[in-house]
Structures are given as structure tokens and as C-alpha cells.
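Since we're looking at a predicted model, the values are computed, not measured.
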Amino acid sequence: MPRNHREPVNATEVNAQLFNLVQRCNELLRAYHGAGSEYVTTKDLYETAYSHEILLAEGTVQEKKAKADAKCSKEYLKYIQAETKYKYLKLAIDTTRDELTALESIGSNLRQQFDLQKYQT
């Protein structure tokens with residue numbers, strides 16, 4: 001629901017937005033936890049496979065690395081995808097936390113304004 005920015009913010013809007021942000025935080029935290037496990041697992045699988053291929057390969061160090069890179073490309077891709085997802089979710093959590101902090105400030109200002117107005121005659 002778009003809001004007219006010329007109208008003052010009211011407590012109902014703040015509470016609704018607060019509820020939405022808390023729900024989003026909960027969803028992001030669940031996804032972040034799962035992504036962290038996936039990230040660690042795919043990193044370990046890639047590094048193990050890469051090390052194994054290096055040990056089995058013959059040739060110079062550069063040739064061994066090139067062969068290991070070629071044989072482990074799928075594991076590397078999964079690792080990079082998991083890392084990217086994990087970092088994205090971390091950024092999304094940080095952004096949502098910043099939004100919650102801003103909303104907390106707005107709510108505090110509304111409460112102060114209400115407290116001041118109730119004493120006016």
C-alpha cells in the first residue's frame with residue numbers, strides 16, 4: 001500500500017512495518033543458518049576433492065593444478081554458489097537490522113510526541 005509522504009506517520013503504520021520486518025528477519029535467519037551449513041559443506045567437499053586430485057596428478061606443479069581445476073570444476077561451482085548465497089543472506093540480514101533500527105527510532109519519536117501532546121490543554 002503506497003503511502004502519501006505528506007501525511008504524518010502513525011503508530012499503526014509503524015507497528016505493521018515492524019511486524020513485517022520481524023517476520024523477514026526470522027525468515028532470513030532460518031535461511032542463513034541453512035546456507036551456512038551448505039557453505040561449509042561445499043567448501044570442504046571442494047577442498048578435499050581438489051587436494052585429492054593434486055596428489056594423484058602427474059606433471060609439474062602447474063600441470064597438477066590445471067588438472068585438479070578441470071576435474072573439480074563442478075565442486076568449485078557449487079562452493080561459489082553456496083558462498084554467494086551465504087554472503088547475500090548476511091547482507092540482507094544486516095540491511096533488515098538497519099531498517100529495524102530506523103523504525104525503532106521513528107517509534108520512539110512517535111511515543112515522545114504522544115507524551116508531549118497529552119499534556120497540552
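Residues Glu38 and Lys85 have side chains in contact (heavy-atom distance under 4.5 Å, counting atoms from C-beta outward). Side-chain contact between Thr60 and Lys64: absent, with no pair of heavy atoms (C-beta onward) separated by less than 4.5 Å. Side-chain contact between Cys25 and Ile93 is absent, with no heavy-atom pair separated by less than 4.5 Å. Side-chain contact between Tyr50 and Lys65 is present, with at least one heavy-atom pair separated by less than 4.5 Å.
Hydrophobic clustering (ILVMFWY, side-chain heavy atoms < 4.5 Å, transitive): Tyr39 and Leu29 are in one cluster. Residues Tyr32 and Tyr88 share a single hydrophobic cluster, defined by chaining ILVMFWY side chains whose heavy atoms lie under 4.5 Å apart. In the hydrophobic clustering of ILVMFWY residues, with side-chain heavy atoms under 4.5 Å counting as a link, Leu89 and Leu100 come out apart.
Atom OG1 of residue Thr95 and atom CG of residue Leu21 lie 11.0 Å apart, to the nearest 0.5 angstrom. Expressed to the nearest 0.5 Å, how far OG1 of Thr42 lies from CD of Glu47 amounts to 9.5 Å. Expressed to the nearest 0.5 Å, how far NE2 of His52 lies from NZ of Lys71 amounts to 10.0 Å. Note: Lys67 NZ to Glu53 CD = 10.5 Å, rounded to the nearest 0.5 Å. Separating the NZ atom in Lys78 from the OG atom in Ser73 is a distance of 10.5 Å, to the nearest 0.5 Å. Rounding to the nearest 0.5 Å gives a distance of 11.5 Å between CG of Asp94 and CD of Glu99.
Few gaps surround CD on Glu63; more than 12 heavy atoms of other groups in view lie less than 6.0 Å from it. Residue Glu58 places its CD atom among 12 or fewer non-hydrogen atoms of other residues, nucleotides or ligands, all under 6.0 Å distant.
Of the possible polar contacts, none joining the Ser108 side chain to the Glu104 backbone as a donor-acceptor pair under 3.5 Å is found.
Applying the side chain to side chain contact (heavy atoms under 4.5 Å, CB included) rule to Tyr76 yields the partners Tyr46, Tyr79, Ile80; only residues at least two apart in sequence or on another chain are considered.
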Chi angles and distances behind the side-chain contact (heavy atoms from CB on, under 4.5 Å) call for Asn20, Gln23: CA-CA 5 Å; Asn20 290 336; Gln23 283 184 318; 4.1 Å; yes
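Exactly one residue among Thr12, Leu103, Val22 makes a side-chain contact (heavy atoms from CB on, under 4.5 Å) with Gln17. That residue is Leu103.
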